[in-house]
Amino acid sequence: MVSLTGNIRNRVNKLPKPSNNTQALQPLFEAVSNSMYAVDDRYKENSSKYGKIKIIVSQIKDEEEIEIIVEDNGIGIDDDRYDAFCTVDTDFKRAKGGKGVGRLFWLDAFSSIAIESNYSIENINHKRILSFELKNKDQIVDYPNSRINRTLPGIGTSIRFHGLRILEYAKYFPKRQDTFLRYFSAHFISEFLTGSSPEIIIDIDGKRTTYPQQVSSLVVGSPMETGEFELDDFGKLEIVGFTCEKAASTGLEGSHQLHLLAHGRTVETRKIDNLLGVETLTRDGKEGLVFHGCLSGEYLNSRVNEGRTAFNLPESILKEITRKCVDEIKTKLIPDQVKAYKEKRKEKFEDFVKSYPIYGFDNTDSQLDRLPIHAKTAEDFASGLVKYQIRNDEDRQRRIELVIEALDRAEDIPDNFTQSIIDAAEGIQNSERLALAQHVVRRKLVLEILEKLLLRLRRQEGKSDNFQLEKTLHSLFVPMNVRGDDPTECESRSHDLWMIDERLAFTRAFSSDKRLDKILKSDETDDRPDVIIWDFAVGMGVVDPWAAEETVDTSKPLSKVLIIEFKRPMRRSYPKAEDQIERQIVKYLSQLKGNELESFGRKRIRIAPDCVFHCFVVADIVGDLEEQLSSWETTANGEGRLRRLGGNYQGTIEVIQWQDLVNDAWQRNASTLFSAGLKRGIVK
């Protein structure tokens with residue numbers, strides 16, 4: 001009969017190598033866990049009261065000279081425990097989840113390992129001193145007492161690790177105290193949160209930290225327990241929850257955490273911020289708290305790998321367990337806070353739909369059910385619902401197409417055809433209503449901004465920030481220093497010229513605050529009209545409004561050009577000769593008519609000899625301007641002024657007062673505002 005023999009060196013070399021900080025610390029975690037077990041074996045239910053573990057780390061930045069001592073006052077390595085230590089894959093600690101391979105990770109990680117242990121048999125103290133080496137035989141060497149370098153006081157065990165043996169451990173082993181403590185805290189978080197661990201003192205190059213106080217002091221209120229619950233396919237599970245100061249999540253991804261345990265030890269920690277939804281918790285008068293939950297159950301105990309570094313489960317299963325357990329947390333541990341969060345979130349969503357009505361294609365509760373619980377901003381709502389909006393539109397389009405096909409077929413009309421027509425029409429109406437509401441809400445906001453800007457400018461008359469406010473006012477209509485037909489200017493197509501004339505809503509060929517010599521074929525003037533519009537505006541130029549931009553016919557001269565000049569609201573002084581409105585406009589016209597405009601790709605657009613110029617000046621008719629325009633005709637409402645051009649120029653100059661411009665824009669949008677259930681606000 002021959003027994004199998006083990007190749008320890010080969011066994012160790014085949015162990016999974018670390019690829020992150022947590023895995024690099026795993027051999028040390030195994031040693032600390034053994035110390036916790038030893039303390040439990042000695043002190044039983046009083047282990048948290050009397051148990052002591054000390055971890056001394058020196059030269060943490062030097063992978064060759066690093067030394068770590070793990071010392072405890074546990075039961076010591078007596079004969080039974082020594083036999084278990086000498087047996088690979090022992091089941092001595094199976095009841096506690098031990099796999100019997102933890103010390104093999106020591107051999108994998110460290111260059112040298114020395115063990116000193118004091119234990120008692122029938123009140124007689126004994127000492128055991130060992131060297132643990134990576135060899136195929138005689139891995140455990142007993143030394144006489146005279147060989148020890150340090151005497152352990154009392155019952156307990158001290159393990160001394162020196163030097164990191166291979167590159168993978170050297171690469172990922174923490175080099176800083178804060179990094180070391182962060183991963184250490186996370187690994188033993190369940191014991192520290194409950195305060196059930198023995199006292200652990202960590203000394204890193206002379207800097208000491210004490211656990212579990214370092215973590216348990218961050219817990220607010222008593223633990224919360226779900227009690228045992230059962231999930232399909234996963235059996236009976238249990239969650240103990242803690243509300244903690246934010247510092248408890250330092251170093252962990254996210255704020256709220258679910259710690260998946262196996263046999264009482266944290267194997268994996270998962271961020272649950274998005275599943276929980278609630279940003280922070282409140283408890284015992286403290287705000288800004290985070291949640292930490294410790295999940296345990298036989299399903300997890302039986303599916304942890306031999307190093308207890310991960311579960312032997314696919315990621316999809318772990319995600320499902322996490323999601324279902326977070327549902328238990330929300331309904332059993334923090335239901336009131338989740339309810340308050342949902343109510344506030346609902347209010348935000350309703351405000352969002354007011355601003356973006358196209359997302360109101362279903363009732364609020366149905367829409368929120370479609371969104372992830374963490375969605376709480378306008379961007380979250382929009383990105384979460386856009387796919388449903390597309391599906392809704394596509395479904396409506398299919399139904400309409402089916403109705404059209406039925407009308408085209410020479411078959412008998414089905415009994416439900418009338419209802420199909422009604423449903424199709426209703427779908428189109430709903431779509432139009434949402435699109436209209438979206439359009440009107442934006443216009444309403446723009447007009448409200450315009451009114452507030454005008455009010456601010458009038459109140460700030462003569463103050464230093466007027467120039468900045470004037471630029472803002474101009475930019476509200478159209479961006480400054482851009483050409484609408486220049487594809488390189490990303491802002492060029494975003495404007496609100498519809499406030500002046502609805503025909504300008506989609507115009508592309510305009511110049512805003514550009515020097516005339518930048519848009520004319522040849523000119524040396526530095527004049528810069530506020531806005532010039534020369535084509536693309538329906539009814540304002542030579543281009544077919546239905547034509548694509550590439551088909552612009554530049555061979556025909558322009559027959560209509562529109563110029564807009566903005567004057568500062570409540571401006572009273574126009575002292576210079578060039579401040580004369582008519583003179584300023586005529587100067588622009590002479591320069592335009594005597595040159596050619598440059599459009600796409602430096603193409604020339606000529607201006608017809610009989611081109612009609614529509615010139616608008618937006619100003620408040622007060623002070624010098626009132627006298628300057630005293631001989632002009634009044635407009636239909638009696639508030640504006642009008643001058644017909646003569647001589648070489650055809651067209652008109654119309655001076656529109658700022659408030660009339662605003663009122664007219666509101667009036668033109670009145671019917672659509674009413675249809676969307678909106679009304680003009682009162683500016684204060």
Side-chain angles (χ1 to χ4, degrees), residues 12 15-36 53 55-70 101-111 113 159 161-193 197 200-205 207-209 211-212 214-215 218 246-262 265-273 290 292 294 304-311 315 318:
V12 169
L15 289 173
K17 302 302 182 263
S19 59
N20 56 47
N21 298 99
T22 300
Q23 293 170 2
L25 283 165
Q26 191 60 37
L28 175 62
F29 294 158
E30 293 290 343
V32 175
S33 293
N34 287 346
S35 291
M36 289 182 172
I53 299 174
I55 303 168
I56 303 172
V57 183
S58 57
Q59 300 194 66
I60 191 172
K61 295 182 180 180
D62 189 335
E63 62 264 22
E64 293 183 357
E65 297 300 325
I66 187 172
E67 184 172 86
I68 304 173
I69 298 171
V70 180
V101 296
R103 61 203 177 286
L104 297 184
F105 283 93
W106 302 353
L107 293 174
D108 196 31
F110 297 104
S111 299
I113 305 161
I159 307 173
F161 303 105
H162 184 271
L164 294 170
R165 192 179 71 84
I166 60 176
L167 177 63
E168 290 87 349
Y169 283 97
K171 180 179 179 180
Y172 292 106
F173 200 91
K175 302 295 191 296
R176 293 164 48 98
Q177 181 200 32
D178 56 347
T179 308
F180 183 100
L181 295 176
R182 188 163 68 237
Y183 289 102
F184 186 87
S185 299
H187 188 77
F188 295 104
I189 189 76
S190 60
E191 291 92 340
F192 296 158
L193 284 171
S197 79
I200 300 177
I201 297 174
I202 299 181
D203 184 315
I204 301 178
D205 290 328
K207 297 179 180 179
R208 293 162 62 99
T209 307
Y211 291 93
Q214 180 76 10
V215 172
L218 301 174
K246 280 188 175 180
S249 295
T250 301
L252 297 171
E253 184 184 357
S255 298
H256 307 300
Q257 314 292 334
L258 183 65
H259 309 286
L260 280 62
L261 314 183
R265 280 180 52 188
T266 304
V267 176
E268 184 175 319
T269 294
R270 295 201 156 227
K271 179 185 76 170
I272 57 172
D273 295 29
V290 298
H292 281 253
C294 298
V304 67
N305 66 11
E306 66 174 8
R308 285 181 289 187
T309 59
F311 292 102
E315 175 64 16
L318 290 169

Do the non-hydrogen side-chain atoms of Asp205 and Val57 ever get within less than 4.5 Å of each other? no
With under 30° as parallel and over 60° as perpendicular, where do the rings of Tyr211 and Phe192 fit, or are they tilted in between? parallel
Find the distance between NZ (Lys17) and CZ (Phe105) and round it off to the nearest 0.5 Å. 8.5 Å
Which value, rounded to the nearest 0.5 Å, describes the distance between Ile69 atom CD1 and His162 atom NE2? 10.5 Å
Between His259 and Thr269, does any side-chain donor sit less than 3.5 Å from a side-chain acceptor? yes
Considering only heavy atoms from C-beta outward, does the side chain of Ile204 approach that of Leu181 to under 4.5 Å? yes
Within residues 248-261 or reaching into it, pairs that qualify as salt bridge (charged side-chain N to carboxylate O under 4.0 Å, His left out) - sequence neighbours excluded: Glu253-Lys271
Contact list for residues 177-189, test salt bridge (charged side-chain N to carboxylate O under 4.0 Å, His left out), sequence neighbours left out: Arg176-Asp178
Side-chain heavy atoms of Val215 within contact of His292, under 4.5 Å: no
For the backbone of Tyr172 and the side chain of Asn21, can you confirm whether one donor and one acceptor N or O come within less than 3.5 Å of each other? yes
With a 4.5 Å heavy-atom cut-off, do Asp108 and Val12 have their side chains touching? yes
Using 0.5 Å steps for rounding, measure from the CG atom of Leu218 to the OG atom of Ser185. 9.0 Å
What do you reckon, is NZ of Lys175 surrounded by more than 12 foreign heavy atoms closer than 6.0 Å? yes
For Ser35 and Val70, work out which heavy atoms get closest and say how close. OG-CG1, 3.6 Å
Could you tell me whether the side chain of Ile53 reaches within less than 4.5 Å of the side chain of Met36, counting heavy atoms only? yes
Can you find a pair of side-chain heavy atoms, one from Val32 and one from His187, that are under 4.5 Å apart? no
For Lys171, does the NZ atom have more than 12 heavy-atom neighbours from other residues, nucleotides or ligands under 6.0 Å away? no
Quick one: closest heavy-atom pair of Phe29 and Thr22, and the distance? CE1-O, 3.8 Å
Just wondering, more than 12 heavy atoms not from Glu65 lying within 6.0 Å of its CD? yes
What distance do Gln26 atom CD and Tyr183 atom OH have between them, rounded to the nearest 0.5 Å? 14.0 Å
Rounded to the nearest 0.5 Å, what separation is found between the SG atom of Cys294 and the CD atom of Gln257? 11.0 Å
Nearest heavy-atom neighbours spanning Val304 and Ala262: CB-CB, 3.9 Å
At their closest point, which heavy atom of Ser255 faces which heavy atom of Ser249, and how far apart are they? O-OG, 2.5 Å
Asp203 side chain to Arg208 backbone, donor-acceptor under 3.5 Å: no
By ring-ring contact (aromatic ring centres under 6.0 Å, His included), Phe161 pairs with (sequence neighbours left out) Trp106, Phe110
Contact between Phe180 and Leu28 at the side-chain level, heavy atoms closer than 4.5 Å - yes or no? yes
Below 4.5 Å, heavy atoms only, C-beta onward: do Thr209 and Lys207 meet side chain to side chain? no
In Å, rounded to the nearest 0.5 Å, how long is the span from CG of Leu318 to CD of Glu268? 5.5 Å
Looking at every heavy atom in both Leu164 and Phe173, which two are closest together, and how far apart are they? CD1-CB, 3.7 Å
